[in-house]
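For reference, the structure is listed below as structure tokens.
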Number of protein chains: 2
Amino acid sequence: MTTDLTAHPPVTGPPTLDEVAVLAGVSRATVSRVVNESPKVSPEAREAVQAAIAQLRYVPNRMARSLVTRRTDTIALVLSEPNSQVFSDPFFASIVHGVSAALAETDLTLVLLTARDAREQQKIARYARQGHVDGVVLMSLHSEDLLPDILSDAGVPLVLCGRPYDGRSVAYVDADNQGGAQVATEHLIGLGRARVAVLTGPMDMIAGVDRHAGWLRATTDAGRRPDPALVAHGDFTEAGGEAAMARLLDQAPDLDAVFVASDPMAVGALRALRAAGRRVPEDVAVVGFDDADVARVCDPPLTTVAQPLDVMTTELVELLGRQIDGRAAPAETRTCPTRLVRRASA
Amino acid sequence: MTTDLTAHPPVTGPPTLDEVAVLAGVSRATVSRVVNESPKVSPEAREAVQAAIAQLRYVPNRMARSLVTRRTDTIALVLSEPNSQVFSDPFFASIVHGVSAALAETDLTLVLLTARDAREQQKIARYARQGHVDGVVLMSLHSEDLLPDILSDAGVPLVLCGRPYDGRSVAYVDADNQGGAQVATEHLIGLGRARVAVLTGPMDMIAGVDRHAGWLRATTDAGRRPDPALVAHGDFTEAGGEAAMARLLDQAPDLDAVFVASDPMAVGALRALRAAGRRVPEDVAVVGFDDADVARVCDPPLTTVAQPLDVMTTELVELLGRQIDGRAAPAETRTCPTRLVRRASA
DNA sequence: GGAATTCGTGGAAGCGCTCCCACGAACCCT
DNA sequence: AGGGTTCGTGGGAGCGCTTCCACGAATTCC
């Protein structure tokens, strides 16, 4: 007597495709077609399979599927940033929100990975190379970030959120930071302000550099000599903005306007200005950057540069999608226009 | 003439285990042993394999491995919270940090998933059921959260960060919220304050409920009748705390102390108090909860209740690990003691 | 010195799935 | 009516890996 190889083994794990096939009285191939919504299935077969799936509470094993399709249907949003407080940056939160919203239409899943140090970066690189994800959106790069190199070397589809610091050839989506900063500064100058200061972000981030460059451009375009005393560097946080504003008031007590490179910093700056007894906008006009929620509710409401976050996140996933499908031009880039939002602070 | 089946196919994707085996002149099994650090490999073989791996830049395909081992070596930290601003809650950031630090020792990877609505919850449930993760840490549960049920029904190893709202039987790790709140309130009473108010968190979160209960307990234990006018509800955010504090001052102008259920709220409360012309701690003593970074730097520095975050996160991953290995008692729980940190505000 | 262990190794099965290919049944065209 | 097309279906190979099992060589023991 031989063993019956078609007999059900003792039910061990979750149900498999074959068990569904047996129950539905069809072949594995047919079940697979139903699961993948192939049109080439008769209504009866489809119905039988669906009933069996429901009865068994069958869930396809994605690992097995990935093994053959080479797709995982998940993309990673990697936050490469030593400073854990980035979480609290509303810009970051908005990007996460936007990307996951853009993905909601698709059946892709978003996983968030954070890399605080080189070791965690390696771990993430390994994770990506091992085929856990179809692609990566990488954000918040400082100049010395290793991940872009590792990932693109490994052939992992990759789109940066923000222009890379060096001129490397890689796909990215960015806001027109320089243009926005320039418009903001021009607005301040147009208001008749004589001493327009700038409170920059970290200069090892391209957004910090670009926004500073915009201020510089507007300043020189207006025929003014850029005064080093009108420049202070912050770190994109509220506390950093407050401190930098205090320094700025110290360096240049006669300033009558300031372009602040992020809204959280601007909120801090507002506080420092109030502490120093300066009225906004009467004594000092303030323009922020980001159009974060806080810009609407702070006192006074902040004139600020809005980035088209929805456009940017949509572009981000579209670019990545094209790369994953292999139908992307190499190193495609998008620079999205910004827009000045006028409120009370300038 | 027959086709040589052992011939190299045109190199298409990333290198596979077989290619390594061929190059090293050993069998697949041996390569696998080297990769998995089995001791049963001769030094020569090991060396040859390692050389081949290096030369080919071989990375094991995790999908294939998972298919047979039934392990993915990744766990998910799920943030189930409709409000996207949770990101900015330092407590949440600390948990993420702690869990990923606890995982750094292991070779597990942490993926972060966010579920803002029922649809995203379903997506995450599917993701987990499909075998993408070995286990799930679930945090920030409101009372009507579906995920615990779905996930535990699906047999996904699960540990909650925070006691579940209902008394469901599930593993969790929580701080002793009630105890901490009680100690905080007792401290305020011990300071000789007569009218000790409470600014709670959302009452559909267990942490909100428990911290309120601690205040209530201390109040009644002190022989006082809890006055509804001394209670206001916030939402754990700074802005919410500011607004609630203003309401509280309105309801009970004679209050001389307030226990605030989170540090961000306490910072908001501090601002509202200053706006109302109350001095802290002279007129109103304030105790917060969380011992967030901000508690140290705000003005005045905040007396607050510290949670042992490192212990909690360690327990979290340990409990989950035990569940994954199948050597966990059902629904193990841990409640970690809190500690009052005295600073200037009370 | 022969039997009984080690020890390192390779062969091969199989994890759960997709998808190519072939096959028969039903249909259309001239 | 016979040769083409559909069309739905099942068989089977194979994705890259782990792991059981067996096998021969190098030990070790009495």
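These numbers come from a predicted model, not from an experiment. Convention: sequence-line order gives letters A, B, ...; per-chain numbering from 1.
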### Message
Looking at A:Ser32, I'd like to know whether one of its side-chain N or O atoms comes within less than 4.0 Å of OP1 or OP2 on C:dT18.
### Response
yes

### Message
At less than 4.0 Å, is any side-chain N or O atom of A:Arg70 found next to OP1 or OP2 of D:dG16? Yes or no.
### Response
yes

### Task
Please determine if a side-chain N or O atom of B:Thr30 lies less than 4.0 Å away from the OP1 or OP2 oxygen of C:dG10.
yes

### Query
For the pair made of CG in B:Leu17 and P in D:dC15, what is the distance, rounded to whole Å?
13 Å

### Query
What integer distance in Å separates A:Leu67:CG from D:dT18:C1'?
13 Å

### Task
Rounded to the nearest angstrom, tell me the gap between atom CG in A:Leu56 and atom C1' in C:dG16.
14 Å

#### Entry: A:Ser42 side chain near D:dC7 phosphate (N/O to OP1/OP2, under 4.0 Å)
no

### Task
Please check if any side-chain donor atom of B:Thr335 sits under 3.5 Å from a side-chain acceptor atom of B:Asp174, or the reverse.
no

## Note on the structure
Looking only at D:dT18, C:dG16, C:dT9, the nucleotide nearest the A:Thr16 side chain is C:dG16

### Message
Less than 4.0 angstrom between a side-chain N/O of A:Asn36 and OP1 or OP2 of C:dT18, yes or no?
### Response
yes

### Task
State which of C:dC15, C:dT18, D:dT18 makes the closest approach to the side chain of B:Thr69.
D:dT18

### Query
Which comes earlier along DNA chain C counting from the 5' end, the contact point of B:Pro39 or that of B:Ala64, where each point is its nearest nucleotide?
B:Pro39

### Query
How long is the line joining CZ of B:Arg65 and P of D:dC15, in whole Å?
19 Å

### Message
Any non-hydrogen side-chain atom of A:Leu79 less than 4.5 Å from a side-chain atom of A:Leu112?
### Response
no

### Proximal nucleotide (of D:dC17, D:dG8, C:dC17) relative to the B:Arg28 side chain
D:dC17

### Summary
The residue, A:Ala29 or A:Pro43, whose nearest nucleotide of DNA chain D is more 5′ is A:Pro43

### Query
What integer distance in Å separates B:Arg62:CZ from D:dC17:C1'?
13 Å

### Criterion side chain to side chain contact (heavy atoms under 4.5 Å, CB included) on B:Ser80 and B:Met139, from CA distance to verdict
CA-CA 6 Å; B:Ser80 184; B:Met139 69 178 297; over 6 Å; no

### Query
Out of D:dC17, D:dC15, D:dG8, which has the shortest distance to the side chain of B:Tyr58?
D:dC17

### Query
At under 4.0 Å between heavy atoms, what does B:Val26 touch on the DNA or RNA strands: base, sugar-phosphate, or nothing?
sugar-phosphate

### Query
Is there a donor-acceptor contact under 3.5 Å from the side chain of A:Lys123 to the main chain of A:Ala115?
no

### Query
A:Ser27 side chain N/O closer than 4.0 Å to the phosphate oxygens (OP1, OP2) of D:dT9?
no

### Query
Just how far, in rounded Å, is C1' of C:dC17 from CZ of A:Arg71?
16 Å

### Message
Expressed as a whole number of angstroms, how long is the span from B:His132:NE2 to C:dG16:P?
### Response
16 Å

### Message
Side chains of B:Glu332 and B:Arg334, heavy atoms from C-beta outward: is any pair under 4.5 Å?
### Response
yes

### Task
Examine the base of D:dG10 for any acceptor or donor lying under 3.5 Å from a partner atom in the side chain of A:Arg33, and report the outcome as yes or no.
yes

